Structure formats: structure tokens, C-alpha cells
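This structure is a prediction, so every number in the text was calculated from the model and none was measured.
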2 protein chains.
Amino acid sequence: MVVPTARSRCEDERITAFGMLLEAHAAVTSVVNRELEATAGMPITWFELLIRLSRSPEQRLRMSELAGQVGLSHSGLTRLVDRVIEAGFVQREACPDDRRGAFAVLTPAGGAALDSALDGHLESIDRHLVTPLGPEGLARLTDLLRTLRDASPTGASPSSACPTGPSPA
Amino acid sequence: MVVPTARSRCEDERITAFGMLLEAHAAVTSVVNRELEATAGMPITWFELLIRLSRSPEQRLRMSELAGQVGLSHSGLTRLVDRVIEAGFVQREACPDDRRGAFAVLTPAGGAALDSALDGHLESIDRHLVTPLGPEGLARLTDLLRTLRDASPTGASPSSACPTGPSPA
DNA sequence: GTGCAACCGTTGTACCTGCAACCACTCTAG
DNA sequence: CTAGAGTGGTTGCAGGTACAACGGTTGCAC
């Protein structure tokens with residue numbers, strides 16, 4: 001019956017797990033982002049935005065839905081879409097059913113940009129995610145992370161659209 | 001022997017895995033950060049900074065080492081330390097061996113702040129990381145993430161200091 | 001149909017971060 | 001001792017994000 005000291009509590013496995021999530025994410029994304037920027041001249045946020053649109057019916061998504069999927073605030077998404085529109089990869093379209101709403105729609109140029117970025121990006125992910133983990137580890141990690149995402153109150157609900165893979169099984 | 005189309009490649013499990021890393025990280029950290037801010041009035045970056053210091057010998061770390069551990073650039077860490085110093089949780093100290101270098105040292109106030117933040121933070125992590133995964137899932141996740149971090153060219157090398165748990169085994 | 005709360009998306013503002021340039025210091029070669 | 005390259009840390013600057021406040025629209029209660 002030892003009283004936990006601050007020191008001992010700092011070694012808690014929960015703290016470790018959380019810290020690991022931060023570190024692994026920072027390590028992987030910073031490298032992958034750098035490589036994507038080098039090979040495709042496009043930040044990772046753009047890529048994630050474009051791929052969500054490309055996977056959606058009619059290559060379009062409501063702003064709010066998109067914000068949820070890429071994990072940005074509404075205002076953050078507005079600015080991001082502004083920049084991507086400026087590049088010609090996306091265009092805004094009014095929503096006929098709800099005059100408040102707006103769609104972000106993938107343009108042909110956007111589709112082409114995504115396509116040409118894809119190979120390098122896949123290679124990059126291979127290097128920094130697949131190779132270290134192995135195919136089996138990758139599958140387990142994906143599963144665990146999906147559980148986390150779906151358990152979180154934030155973001156897109158598990159049922160909505162296809163937020164990066166609608167769960168296998 | 002089907003040629004992979006852009007569409008089919010977008011469904012690639014590697015893309016999914018990477019997207020899941022982004023989503024899970026965003027979902028978990030945003031909630032945990034919000035909660036920590038509410039209960040301890042301290043952003044997650046401060047907490048991570050303080051806990052690294054508290055785990056280090058003499059509660060001090062060189063700026064570069066610290067930058068590596070919290071996954072920030074040198075300039076980013078300089079500013080962060082500036083802010084935390086302003087709050088009185090840390091102080092700078094000259095390095096006697098190398099007059100270029102500087103230490104960040106945890107102050108008693110910093111230790112106290114860390115201590116009082118710890119309980120709420122642990123609870124928060126419990127809710128959003130441990131409960132959804134279960135103890136076994138948590139262990140597996142930690143292991144996989146550690147593998148990722150250590151494989152990455154970025155950040156602290158596995159051997160350095162104790163970057164959130166010096167690997168068991 | 002009128003009022004009111006809730007919602008969608010944008011804008012003003014402040015904060016945080018990285019990159020590049022910089023200064024101070026150390027180390028090595030000659 | 002000195003020159004020059006390399007390292008540790010800080011500063012100027014630009015870019016990206018969140019929070020709060022706003023205008024426009026919808027849906028519900030009455």
C-alpha cells in the first residue's frame with residue numbers, strides 16, 4: 001500500500017502510451033509531410049483534403065463534413081479550402097437544398113494533382129509506416145487507431161461517409 | 001493483372017493506415033488537450049515539457065535534447081520555454097561546460113503545477129485512451145508506436161535519455 | 001405567420017510553429 | 001596562435017490554426 005508519489009506516477013504506463021502517440025505521430029508525419037512537399041509540392045493537409053473528396057460521391061463534400069474528416073475547425077477548413085481553390089484543385093458550389101451550405105468539389109486539375117502525388121506518397125508511407133511495422137503490425141495498428149477514433153466524441157461519427165475506411169469486418 | 005486506377009489506389013490499406021494515424025491523433029489530442037486546459041489551465045505542450053524535465057536527472061535538460069523529446073524545432077522550443085519561464089515553471093541556466101549551451105530547469109512551482117495537473121490528466125487519458133482499448137490493447141499500441149518512433153530518422157534516438165519510456169524488454 | 005433558437009459558413013484577431021539568418025562559442029588543422 | 005568550419009541557441013518573418021463574433025438561413029413552437 002504505497003502512496004504514489006508524483007515521481008512514480010510520471011512513469012505511469014498511461015502517460016507513456018499517450019506520449020508515444022504524440023511522438024510517433026510527430027515523427028512520422030513530419031517526415032512524410034516533408035517528402036510529400038518535396039515530391040508533389042503539396043502539404044499533407046492538401047493531400048488529405050483532396051483524397052477525401054475523391055472518395056466521396058460526385059467528388060464533393062459539405063464543408064462541415066469535410067472539416068470533421070480532416071480534423072479541422074470550421075474556420076480552419078474555410079481558409080484551407082480557400083488556398084486549395086486558389087491552386088485550382090477545388091471549387092465551391094452552392095447547396096441547392098440548404099442555402100446556408102456549401103460544397104467543396106474536386107476539379108479535374110485536383111484529381112490529376114492527387115493522382116500524380118499518390119505514387120510518391122505511397123512509397124513514403126511504405127518507408128515510414130509499413131516497413132518498420134510489417135504487414136501484420138500495420139493491420140493491428142490500423143485497427144487500434146480506428147477504435148480510438150471511433151471512441152472519440154470529436155470528429156466524424158463512425159457511420160458517416162467513409163472516413164478513411166469504413167471499418168472492414 | 002489489373003492496372004491499379006487512381007480510384008483503387010486511394011482505397012489502399014496503407015493510405016488508410018496513415019489516415020487513421022492522423023485521425024486518431026487529432027481526435028485524442030484535441031479532447032485531452034481541451035480537458036487539460038480546463039482542469040489545469042495548461043496546454044498539452046507545457047505538460048509534456050514539464051514532465052520531461054521532471055523525469056530527467058536534476059530536473060534539467062539541454063535545449064536541444066528537450067526539443068528532440070517534445071518534437072519541436074529549436075526555435076519552437078525557445079519560444080515555448082520563454083512562455084513557460086514567464087509562468088515561473090522553468091528557469092534557464094547556463095551550461096558550465098559549454099558556454100553556448102543552456103539548460104532548462106524545472107522550478108519548484110513547475111513541479112507543483114505538474115503534480116496538480118497529473119491526476120486530471122491521467123483520468124483524461126484513461127477515458128480516451130485506456131478505456132476504449134483495454135489494458136492489452138494499450139500495451140500493443142504503445143509497442144507499435146514505439147517501433148514507429150524509433151524507426152523514424154527524426155527526433156531523439158532510441159538510446160538518448162528516456163524519451164517517454166526507454167523501451168522495456 | 002411570427003418569433004426564436006439552432007445551424008452553416010466566413011471574417012477579425014491572436015497565438016503558435018517552422019524556416020532562414022544570425023551571433024556566440026567550440027573544435028580542429030595548420 | 002589563428003583561420004575556418006561546425007554547433008547551440010535566439011530572433012525576424014511568414015504561414016497556418018483555433019476561438020469568438022457575425023450574417024444569412026432553417027426549423028420548430030405557438
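- Listed for the T131(A) side chain is a donor-acceptor partner under 3.5 Å among the backbone atoms of D126(A).
- In this structure, CG of L77(B) is placed 12 Å from C1' of dG8(D), rounded to the nearest angstrom.
- The CD1-P distance, from I44(A) to dT17(C), rounds to 20 Å in whole Å.
- Of the residues in residues 91-104 of chain A, D98(A), R99(A), R100(A) come within less than 4.0 Å of DNA chain D through at least one heavy atom, sorted by number.
- Side chain of H74(B), nearest nucleotide from dA18(D), dT10(D), dC19(C): dT10(D).
- The closest donor-acceptor contact from the side chain of Q59(B) to the backbone of S54(B) lies under 3.5 Å.
- Following rounding to the nearest Å, L66(B) (CG) and dT10(D) (P) show an atom-to-atom distance of 11 Å.
- Looking only at atom types and distance, the side chain of E35(B) has a donor-acceptor partner in the side chain of H128(B) under 3.5 Å away.
- No hydrogens or angles were tested; on distance alone, a donor-acceptor pair under 3.5 Å links the side chain of S75(B) to the base of dC19(C).
- Comparing P43(A) and M63(B), the nucleotide of DNA chain D nearest to each residue sits closer to the 5' end for M63(B).
- Spacing between atom CD of E65(B) and atom P of dG9(D) amounts to 10 Å, rounded to whole angstrom units.
- Between L72(B) and T78(A), the one whose closest nucleotide on DNA chain C sits nearer the 5' end is T78(A).
- As rounded to whole Å, 8 Å separates atom P of dG12(C) from atom CZ of R79(A).
- Taking the charged nitrogens against the carboxylate oxygens, R146(B) and E13(A) have no contact shorter than 4.0 Å, which rules out a salt bridge.
- Contact annotation for S64(A): backbone-only contact, meaning every heavy-atom pair under 4.0 Å involves sugar-phosphate atoms and none involves a base.
- Atom-to-atom, CG of L49(A) to C1' of dT17(D) comes out at 15 Å; the value is rounded to the nearest Å.
- Remark: P of dC16(C) and CD of E48(B) are 17 Å apart, rounded to the nearest angstrom.
- Using a 30° and 60° split on the angle between ring planes, F89(A) and W46(A) fall in the perpendicular class, above 60°.
- Look at R62(A) and you won't find any side-chain N or O under 4.0 angstrom from OP1 or OP2 of dC8(C).
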Next on the checklist: Before you tell me yes or no, could you show the steps for L61(B) and F103(B) under side chain to side chain contact (heavy atoms under 4.5 Å, CB included), namely the whole-Å CA-CA distance, both residues' side-chain angles and the distance that decides it to 0.1 Å?
Outcome noted: CA-CA 5 Å; L61(B) 236 36; F103(B) 282 111; 5.7 Å; no

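- In this structure, CG of D82(A) is placed 12 Å from P of dG12(C), rounded to the nearest angstrom.
- Between the side chain of S124(A) and the main chain of G120(A), no donor-acceptor pair closer than 3.5 Å is present.
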